[in-house]
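Chain letters run A, B, ... following the sequence lines, proteins first, then strands; residues in each count from 1.
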Number of protein chains: 2
Amino acid sequence: MAADLRRPERTFSIRQLCNEFKATPRALRFYEDKGLLTPAREGLNRVYSHKDRVRLQLILRGKRVGLSLSEIRELLDLYDENDDGAAQMARSLKKFRERASALEQQREDIDGALIELREACDRLEKRLAEIRPDLLPRSADYEQLLRARLDGAEMALGK
Amino acid sequence: MAADLRRPERTFSIRQLCNEFKATPRALRFYEDKGLLTPAREGLNRVYSHKDRVRLQLILRGKRVGLSLSEIRELLDLYDENDDGAAQMARSLKKFRERASALEQQREDIDGALIELREACDRLEKRLAEIRPDLLPRSADYEQLLRARLDGAEMALGK
DNA sequence: GTCAACGCTTACGTAAACGTCAACCTTGAC
DNA sequence: GTCAAGGTTGACGTTTACGTAAGCGTTGAC
């Protein structure tokens, strides 16, 4: 009776998808609220199909590249509303390119901020070297940077 | 009686500072609410000194590099709380370096997203080229990119 | 005298993406 | 029987940096 779990008929509970994609039930319900997912029901319980799973993947991919949920919904809707895949692909492509150029702009902003920050750091370092060289953070600073990196890695692994 | 407007005794109205720094009165009052500014009063009206002006400059600089108002306040407080400029400078330096490394991390995230986006774009372009090459956006896309740039420039000039 | 311009305070509204209860149902194990 | 595990639906809370009135006082121009 227990069909192959890899079969396309297979369904998923909310928890299973959450575990698989490191999401929370609250998030999936939220996406449903916003119209990005429409899982079937078994009584009250949500039952996710393979299609739903794919949509969820697309949602998370969209989030990773910085799209908002409403933008993601627009794209998702494109795939549903009509059968002409080509037109949808063209619009998706446009959206992606827009996002890419927005990200490039953001990167430039960051670079600008970094320049300003480094100038400020340089000034501070020089002044500090003049009046209180002993206060200049060095190895301690490096350690802390390492710690930050490790924290980041832990986060990436899901806490 | 009208002293030199560049003299250090000179004071500023909220509007003058707003015009000079492209801010809104609401913003300055908000900063005051949050304890970042403490202008004098003339009756009810706020009167900003040169010191206040400098603080505002620092606030806006902090914002440009992505610091939150509370972080900015911490830094500002450092300069007030005690007379030992060196220790404050050391802490500011540390804060700035932290922010710089956070920004570098952000930039890496953006680069990652850009890679993912470009892969998606490439796939879409290839598929589209196969089935509906006429739908491939080209010069139109370039025009739009230009438009985005111009909009950005306008924004930078204050609309 | 009255209208606009500027200032003030108080306070609710906004956007995004959920987190965090509360209160309840159901199913299986023991 | 009852307890835990997992599901459900509201619905309010969180954060940030202000925007946007509402309602009122003051001052200067005409």
Side-chain angles (χ1 to χ4, degrees), chain A residues 2 11-49 52 55-56 58-76 99 102 106 109 113 155 158-159, chain B residues 2 11-49 52 55-56 58-76 99 102 106 109 113 155 158-159:
Chain A
T11 60
F12 309 84
S13 76
I14 194 169
R15 190 58 57 105
Q16 287 170 329
L17 287 188
C18 286
N19 289 339
E20 182 172 358
F21 296 113
K22 302 289 176 190
T24 68
R26 181 69 181 94
L28 298 213
R29 295 189 193 112
F30 184 74
Y31 299 154
E32 186 175 342
D33 243 45
K34 296 290 165 182
L36 286 95
L37 285 176
T38 325
R41 295 298 179 118
E42 205 172 74
L44 281 181
N45 293 14
R46 290 166 175 79
V47 177
Y48 296 86
S49 68
D52 294 320
R55 282 178 80 92
L56 179 56
L58 291 175
I59 292 168
L60 298 177
R61 201 169 286 173
K63 289 203 59 184
R64 278 201 301 278
V65 303
L67 292 174
S68 74
L69 290 187
S70 64
E71 288 174 312
I72 295 171
R73 190 162 67 92
E74 286 173 34
L75 289 180
L76 252 33
R99 182 91 264 269
Q106 266 190 51
D109 293 344
M155 298 287 282
K159 191 188 140 117
Chain B
T11 60
F12 308 84
S13 74
I14 194 170
R15 192 54 59 103
Q16 286 171 330
L17 287 188
C18 286
N19 289 340
E20 182 173 357
F21 296 112
K22 302 288 175 191
T24 68
R26 180 69 181 93
L28 297 214
R29 296 190 194 110
F30 184 74
Y31 300 152
E32 186 175 341
D33 242 45
K34 296 290 164 183
L36 285 88
L37 285 174
T38 326
R41 297 296 182 119
E42 203 171 76
L44 282 180
N45 292 13
R46 289 166 176 80
V47 179
Y48 295 87
S49 69
D52 295 320
R55 283 179 80 92
L56 179 55
L58 291 175
I59 292 168
L60 299 176
R61 202 168 283 173
K63 289 203 57 181
R64 278 201 300 278
V65 302
L67 292 174
S68 72
L69 290 187
S70 65
E71 288 174 311
I72 294 171
R73 189 162 70 92
E74 286 173 34
L75 290 179
L76 252 32
R99 183 90 266 268
Q106 266 191 51
D109 293 345
M155 299 287 283
K159 188 177 170 269

If you restrict it to nitrogen or oxygen atoms, what contacts under 3.5 Å exist between nucleotides 5-7 of chain C and the protein, and what is each distance?
residue	atom	partner	partner atom	Å
C:dG7	OP1	B:Arg15	N	3.3
C:dG7	OP2	B:Arg15	NE	2.8
C:dG7	OP2	B:Arg15	NH2	2.6

Distance, rounded to the nearest Å, where [X] contributes [atom1] and [N] contributes [atom2]:
X       : N      : atom1 : atom2 : result
A:Arg41 : D:dG7  : CZ    : P     : 13 Å
A:Phe12 : D:dG6  : CZ    : C1'   : 18 Å
A:Glu42 : C:dT26 : CD    : P     : 15 Å

With rounding to the nearest 0.5 Å, note down the distance linking CZ in A:Arg64 to CG in A:Leu60.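 Interatomic distance, A:Arg64 CZ to A:Leu60 CG, rounded to 0.5 Å: 6.5 Å.
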What are the two closest non-hydrogen atoms of [X] and [Y], and how far apart are they?
X       : Y       : answer
A:Pro25 : A:Cys18 : N-SG, 3.3 Å
A:Tyr48 : A:Arg46 : OH-CD, 3.3 Å
B:Ile72 : B:Lys63 : CD1-N, 3.7 Å
A:Leu69 : A:Leu36 : O-CD2, 3.7 Å

Would you mind telling me which of B:Arg41, B:Arg73, B:Arg55 makes a salt bridge (Lys or Arg N to Asp or Glu O under 4.0 Å) with B:Glu32?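 Only match with B:Glu32 under salt bridge (Lys or Arg N to Asp or Glu O under 4.0 Å): B:Arg41.
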Within the side chain of A:Asp52, is there an N or O that forms a donor-acceptor pair under 3.5 Å with the backbone of A:Ser49?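 Present.
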Between B:Glu71 and B:Arg99, is there a side-chain N and carboxylate O pair less than 4.0 Å apart?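 Judged by the 4.0 Å cut-off on N to carboxylate O distance, B:Glu71 and B:Arg99 do not form a salt bridge.
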Each nucleotide of nucleotides 11-29 of chain D classed B (base within 4.0 Å of a protein heavy atom), S (only sugar-phosphate) or -, in 5' to 3' order, makes B-----BBBB---------
